[in-house]
*Asks:* 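Have a look at this one.
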Amino acid sequence: MSVDEIAAPPALKAKLSKLGLARRDDLVLHLPIRYEDETKLTPIGVAPGDVPVQVEAEILDVSVQFRPRRQLVARVADASGELILRFLNFYGSQTKQLERARDDGQRLRIFGEIRHGFLGAEMVHPRYRVVGADTPLPVSLTPVYPTTAGLSQAALRKLILPALDAADLTDSLDGEWRARHGMPCFADAVRLLHTPTPTVFEDELQARTHPAWRRIKLDELLAQQLSLRRAYLARRQKGAPVLAAPGTLGAKLLAALHFRLTGAQQRVIGEISSDLCQPYPMQRLLQGDVGSGKTIVAALAACQAIEAGHQAAFMAPTEILAEQHYLKLAAWLVPLGVEVTWLSGSQKKAAKRASQERAAGTAQLVVGTHALIQESVDFARLGLAIVDEQHRFGVAQRLELRRKGGNPHQLMMSATPIPRTLAMSYYADLDVSVLDELPPGRTPIRTKLISDARRDEVIARVRAKVGEGRQVYWVCPLIEESEKLQLQTALDTHAILSQELAGLRIGLAHGRLKAEEKASTMAAFVAGEIDVLVATTVIEVGVDVPNASLMVIEHAERFGLSQLHQLRGRVGRGAHDSVCVLLYQTPLSPTARARLKIIYENTDGFEIARQDLHLRGPGEFVGSRQSGLPMLRFADLESDTDLIELARDLAETLLREAPAQADRHLRRWLGSREELLKV
Ligand code: ADP
Ligand code: MG
């Protein structure tokens, strides 16, 4: 047992470990979620309802009543009024205690929320304490800690207060820097947050805007920056092939395209190209809104690797998406003499073996699903790994990919934009390129919110669109809990629409179709042989059919914002006026309403992502990327932007000039978890 470990009986230790508390440092950083004000007494007669108050009263009588169910009822009063206390769960000893207090003329100090009901003022399950006439009131706010079943606030406090005295609270930042940025020292900050002094402004403490809170948030963000930047630098120590090339292959590809690159695409390609010429691996995240043209950027990067005599791998999280990429990349590159190979989990054995052999041999570009890393694939000379929709891949998978091919350059792409603050914090171990410009000539998509009660009108609209020669996507409701139900819903929707839209050609695409069926359905839709494509979210990404100008999404309230944005991005790809109809089921919950309003009012993916972050917090965005890395507990990505920037600059300085200080800081905040970050 290390000196820093918490000394406690095993049962208590088990509860503490549920809260992530193993060391004294963890206790020091186990900070209150809020504070209760027990420094004041409110007269019962003027106490407001439904907010926490503290009153002090004499006990008038105590009884156990049985209506409507067994409960302990105490009637108490102060000079201003009477109050009923109700306890539905209670011990016999509690009844005795209250009776004795009543007989001795002692008083109760009671903390809780008053309800003004039919029978007058009452509190259910208040916290209370028997006090004498002259028991002093606490002089400062009482902290309330996050806890778990069977671990009382009092028990936590009994552990935390001594830990504060015993732990090493030495500052990891120097005094001069702190003074310059108006930051209190660490020891003062944690002491104040655990045991606030009477003079602290309650609002600042509750709202976490007090300088002591700012210090803690800064420290937390600093630990995040330090660990991610250190991992970044460590990966940079490893060598990678220098992929310098004259650029002839890329130039040929550009010449064959029917469009010219946007300024943003040119800038980003420049950034990637110079990374690839370095003798250490690129670790770059390419961000851009739906339709901003990330694929061609990736293709040009692949050209550079190939021309330099190396292989490129392109990995996508789903079969449909990977296949779309394969078809597109092959159409671009095969005519230029590049050997492009397809590799996926659903391939027949012999075909897969052939692909694996090509990957280990002559293939120049290998496109596929995560089969690329799972199966026994050994790349002959992998120089560049491109990962689409990187957030769907976990740290472990990315690590595996790197192991497969020595230490290739990595280009990660995000299908949906990531808000800037999130990129700056959770993605601090990557360089970021942003495509902030859409290719010209896109027709804006109109979004309509329509209640499911008006489904008939929507059906009529679909018919009219098809009459004009356009095509339609009909997206089935999302059923997250069950893939089987999801499939059934798709089949049902297809059957219903086939009746409602009799005479039209209705197709069906879902995740369970065989690869060939899926491919032939998609091909038929592209060729205009299907009028209405009923689909699950398999069409979420990548699919590109310019003649499709109407999308209907059923039960839109069940989808996530970025998913809706992705789906909507499937229309508006041609010259036709495009519409996305979001059908929703009433009544809408307030959050669902807020989400639909955001998607209705915005078309900019970055803005949608920002608002989504506001609604849902970073958890959903970060996904499996985070495994091992703790989420931020104190800092808030929206309101603490200045601290994120401060932490980023400070981390750079510490890593360069004071690595021992950086170590100390990381030990305090991450302890043993730091090992997980080495990947
Ligand atoms: P995303 O960033 O969502 O992956 P894609 O790479 O699929 O976007 O590109 C969307 C569509 O825009 C594709 O049909 C692509 O060929 C086309 N495209 C890409 N760049 C340009 C450009 N500079 N001008 C016109 N069209 C472009
Ligand atoms: Mg894409």
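In each ligand, atom 1 is the first atom listed, and ligand 1 is the first ligand listed. Everything quoted here is computed from the prediction, not taken from an experiment. All values below were derived from every heavy atom in this structure, side-chain atoms included, with hydrogens, water molecules and symmetry-related copies excluded.
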*Asks:* Please report the shortest heavy-atom distance between Val571 and Val579, naming the atom on each side.
*Replies:* CG2-O, 4.2 Å
*Asks:* Scan side-chain atoms only and decide if Asn407 and Tyr280 contain a donor-acceptor pair under the 3.5 Å cut-off.
*Replies:* no
*Asks:* Counting from 1, what ligand 1 atoms have a heavy atom of Arg260 closer than 4.0 Å?
*Replies:* 22 (C), 23 (N), 24 (N)
*Asks:* Among Arg236, His409, Arg235, Gln410, find the one that has a side-chain hydrogen bond (donor to acceptor under 3.5 Å, both in side chains) with Gln283.
*Replies:* Arg235
*Asks:* Applying side chain to side chain contact (heavy atoms under 4.5 Å, CB included) to Arg610 and Glu607, what does each step give before you reach the verdict?
*Replies:* CA-CA 5 Å; Arg610 204 183 59 72; Glu607 179 57 23; 3.0 Å; yes
*Asks:* At under 4.0 Å between heavy atoms, is it the side chain or the backbone of Leu261 that contacts ligand 1, or both, or neither?
*Replies:* backbone
*Asks:* Can you sort out which atoms of ligand 1 are near Ser292, meaning under 4.0 Å from one of its heavy atoms?
*Replies:* 2 (O), 8 (O)
*Asks:* Looking only at heavy atoms, what is the nearest atom pair of Asp388 and Pro317, with distance?
*Replies:* O-CD, 3.5 Å
*Asks:* Relative to the heavy atoms of Val290, which atoms of ligand 1 are at a distance of less than 4.0 Å?
*Replies:* 3 (O)
*Asks:* Does only the side chain of Gln265 get under 4.0 Å from ligand 1, or the backbone, or both, or neither? Count heavy atoms.
*Replies:* side chain
*Asks:* Heavy-atom distances under 4.0 Å are what count here, so tell me which part of Lys328 touches ligand 1: side chain, backbone, both or neither.
*Replies:* side chain
*Asks:* If we ignore angles and hydrogens, is there a donor and acceptor under 3.5 Å between the side chains of Asn602 and His565?
*Replies:* no
*Asks:* Hey, is ligand 1 close enough to Pro439 that some N/O pair sits below 3.5 Å?
*Replies:* no
*Asks:* For atom 1 (P) of ligand 1, state which one of Gly291, Gly605, Ser414 supplies the nearest heavy atom.
*Replies:* Gly291
*Asks:* Cut-off 3.5 Å, side chains only: do Gln471 and Ser549 have a donor facing an acceptor?
*Replies:* no
*Asks:* Could you tell me, atom by atom, which parts of ligand 1 come under 4.0 Å of a heavy atom of Thr262?
*Replies:* 23 (N)
*Asks:* Going through the checks in order, is the side chain to side chain donor-acceptor pair (under 3.5 Å) test met by Gln287 and Ser433?
*Replies:* CA-CA 6 Å; Gln287 281 223 67; Ser433 289; over 6 Å; no
*Asks:* State whether the shortest distance between N or O atoms of Trp332 and N or O atoms of ligand 1 falls below 3.5 angstrom.
*Replies:* no
*Asks:* Provide the number and element of each atom of ligand 1 under 4.0 Å from a heavy atom of Thr295.
*Replies:* 4 (O), 5 (P), 6 (O), 7 (O)
